[in-house]
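Below is one structure, written out as structure tokens, with a few remarks after it.
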There are 2 protein chains.
Amino acid sequence: MSVFAPFWEVAGQLARFSKEEKERIENKLIYKEIPAKYRLVDLGETARQAYFILKGFSRFYYINDKAEEITGFIFSPGQFFSSLESFFNKDESNQVVESVTPMKLLAINRQDLEEWMNEIPAIERMVRMILQQRMIYAQSVVASLISLKPEERYISMLESRPDLVQHIPQHILSSYMGITPVSLSRIRSRVKDKP
Amino acid sequence: MSVFAPFWEVAGQLARFSKEEKERIENKLIYKEIPAKYRLVDLGETARQAYFILKGFSRFYYINDKAEEITGFIFSPGQFFSSLESFFNKDESNQVVESVTPMKLLAINRQDLEEWMNEIPAIERMVRMILQQRMIYAQSVVASLISLKPEERYISMLESRPDLVQHIPQHILSSYMGITPVSLSRIRSRVKDKP
DNA sequence: TCAAGTTCTTAACAATTGTAAATGCGCAGT
DNA sequence: ACTGCGCATTTACAATTGTTAAGAACTTGA
């Protein structure tokens, strides 16, 4: 079983690739293993790679004026990630992209991707589909942030993303939910008592 | 001055179109004028068109279990909008898409767009770029929701989107900010007193 | 013009979160 | 085994928001 299998399982759902295209792409994908808390993109850096997750969890976070880490998103296996703005716009990243657990990744160089997007229509289609799906999901995240109370958000997360609740430390989860670790702890004890 | 000029001003920034492609596209764009509070996509309906805003403001909103309208996004001139999930996935819309003010629009049929995305690479590129930019913006919205207090969010909105504060009724703004109209009113009086 | 319906504001009270600080738990490195 | 550090929990208090209700201000349509 090739290490590329999970990649094509996802990519194949989004666009059709010929055998030649697949080979051309596989030749440039870079297999990587990284430990927990490893910074893939640092603040002020320009992201030169995007990543596909084979195993493990990552996130990106901002640093606010109180030097707190504000988690913007948590990524799980089968997903692509990078510092979106930095990777596509060649801007300096305003966010840190970091592994949460040890990870196995496939890395894609920006230059390669740009080349492919010009020469392989299926790749542009794939990227469009990823962004489309991610955007739909982002809308549901916003909806949950503006319409649910933190406690309801936690319960909804328990159901829809049990993997996160299981693998992600609570101080990271709480910053992802927009509440303090203290408040998340209170919510947990409240929910535990009366289910 | 053609009614399509604002469209190409935006589209031209995102991808390169030949004269023939532009003509082909213009022939299918549909000019529309609609009054305020006009429903372009209703709950449970499948969106058959996407829209480019020439003039006016629109939004989409969910209906929660208390029958309240939860505004997910507000769109302004120069932007494309529809019920994203419904339009692309041919799903039944879980959100209402509605004008806030009277509007002037260019409508695009889904069938035409799908055809174009297969035959005109620049269109797939354009859609990808729109989703990319919208996704980057969505990330900043999420960041503001999880890291700022409602009052800070209102002040930041005053600076970054004064057009919204000016043209959008406050009960809609408040639902977009994730607070009650009552609370927004309090915030406004607090901000007004001590700037 | 008047009447009816929205929208916005203000008030009082309940509920929840934020803040700060102390405690406990668990894991890593010496 | 011991020490130190990061993480999670608990407590008490302050601050803010949600809720409900009432009234003012503004629109809309007959």
Side-chain angles (χ1 to χ4, degrees), chain A residues 35-39 57 59 61 63-71 74 96 98-102 144-158 164-194, chain B residues 34-39 57 59 61 63-71 74 98-102 144-158 164-194:
Chain A
K37 293 190 196 182
Y38 181 86
R39 290 197 174 189
F57 295 85
R59 62 169 179 145
Y61 59 89
I63 312 277
N64 71 6
D65 43 11
K66 290 168 195 154
E68 296 161 331
E69 300 178 358
I70 308 298
T71 300
I74 300 174
V96 179
E98 195 177 282
S99 59
V100 177
T101 65
S144 135
L145 283 169
I146 63 184
S147 70
L148 299 182
K149 288 185 266 188
E151 178 166 337
E152 298 171 320
R153 223 147 57 225
Y154 178 73
I155 292 170
S156 135
M157 196 173 202
L158 270 179
L164 295 194
V165 182
Q166 192 162 11
H167 292 97
I168 308 297
Q170 287 178 32
H171 68 284
I172 293 180
L173 263 192
S174 68
S175 93
Y176 181 50
M177 294 175 59
I179 57 177
T180 58
V182 176
S183 191
L184 177 56
S185 174
R186 279 189 292 229
I187 288 170
R188 281 165 56 83
S189 77
R190 246 181 299 166
V191 172
K192 203 167 201 173
D193 291 351
K194 38 149 190 178
Chain B
I34 60 171
K37 295 192 193 179
Y38 182 85
R39 290 197 174 190
F57 295 84
R59 63 170 179 145
Y61 58 89
I63 311 276
N64 70 6
D65 43 12
K66 289 169 198 154
E68 296 161 331
E69 301 179 356
I70 307 298
T71 300
I74 300 175
E98 193 176 283
S99 60
V100 177
T101 65
S144 135
L145 283 169
I146 63 184
S147 70
L148 300 181
K149 289 184 264 187
E151 177 165 338
E152 299 171 319
R153 223 149 56 224
Y154 178 72
I155 292 171
S156 133
M157 196 174 203
L158 269 180
L164 294 196
V165 181
Q166 194 163 10
H167 292 97
I168 309 296
Q170 287 178 32
H171 69 283
I172 293 181
L173 263 191
S174 70
S175 94
Y176 180 50
M177 295 174 60
I179 56 179
T180 58
V182 177
S183 191
L184 176 56
S185 176
R186 278 190 294 230
I187 288 170
R188 280 165 56 83
S189 77
R190 247 181 297 165
V191 171
K192 204 167 198 173
D193 291 351
K194 38 146 191 178

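So you know, we letter chains A, B, ... as the sequences are listed, proteins then strands, and number each from 1. Just so we're clear, the structure is a prediction, and the values are computed from it rather than from any experiment.
- Distances shown here put every side-chain N or O of B:Q170 at or beyond 4.0 Å from the OP1 or OP2 atom of C:dT6.
- A distance of 5.5 Å separates OG1 of B:T71 from CD1 of B:I172, quoted to the nearest 0.5 Å.
- Of the side-chain N and O atoms in B:R186, none sit less than 4.0 angstrom from OP1 or OP2 of D:dA15.
- Taking the nucleotide of DNA chain D with the nearest heavy atom to each of A:L184 and A:K149, the more 5' of the two is matched to A:L184.
- Listed by residue number, the members of residues 171-182 of chain B with any heavy atom below 4.0 angstrom from DNA chain C are B:H171, B:V182.
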One pair to check against side-chain contact (heavy atoms from CB on, under 4.5 Å): B:V100 and B:H167. What are the steps and the verdict? CA-CA 9 Å; B:V100 177; B:H167 292 97; over 6 Å; no

Using side-chain contact (heavy atoms from CB on, under 4.5 Å), reason through A:I63 and A:E69 one step at a time and then give a plain yes or no. CA-CA 5 Å; A:I63 312 277; A:E69 300 178 358; 4.2 Å; yes

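- Under a 3.5 Å cut-off, the side chain of A:S99 and the backbone N or O of A:K37 do form a donor-acceptor pair.
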Derivation of the side-chain contact (heavy atoms from CB on, under 4.5 Å) call for A:Y154 and A:M177: CA-CA 8 Å; A:Y154 178 73; A:M177 294 175 59; 3.6 Å; yes

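- The phosphate of C:dA15 has neither OP1 nor OP2 within less than 4.0 Å of any side-chain N or O from A:R190.
- Of the possible polar contacts, one joining the B:T101 side chain to the B:F57 backbone as a donor-acceptor pair under 3.5 Å is found.
- For the helix from C:dT1-D:dA30 to C:dT30-D:dA1, the terminal axes (five pairs an end, C1' atoms, rotation from four pairs onto the next four) enclose an angle of 50°, given to 10 degrees.
- The side chain of A:S183 places an N or O atom within less than 4.0 Å of a non-bridging phosphate oxygen (OP1 or OP2) of C:dG18.
- In this structure the side chain of B:L173 reaches within 4.5 angstrom of the side chain of B:I74, judged on heavy atoms.
- A salt bridge is absent between B:E151 and B:R186: the closest approach of a Lys/Arg side-chain nitrogen to an acidic carboxylate oxygen does not fall below 4.0 angstrom.
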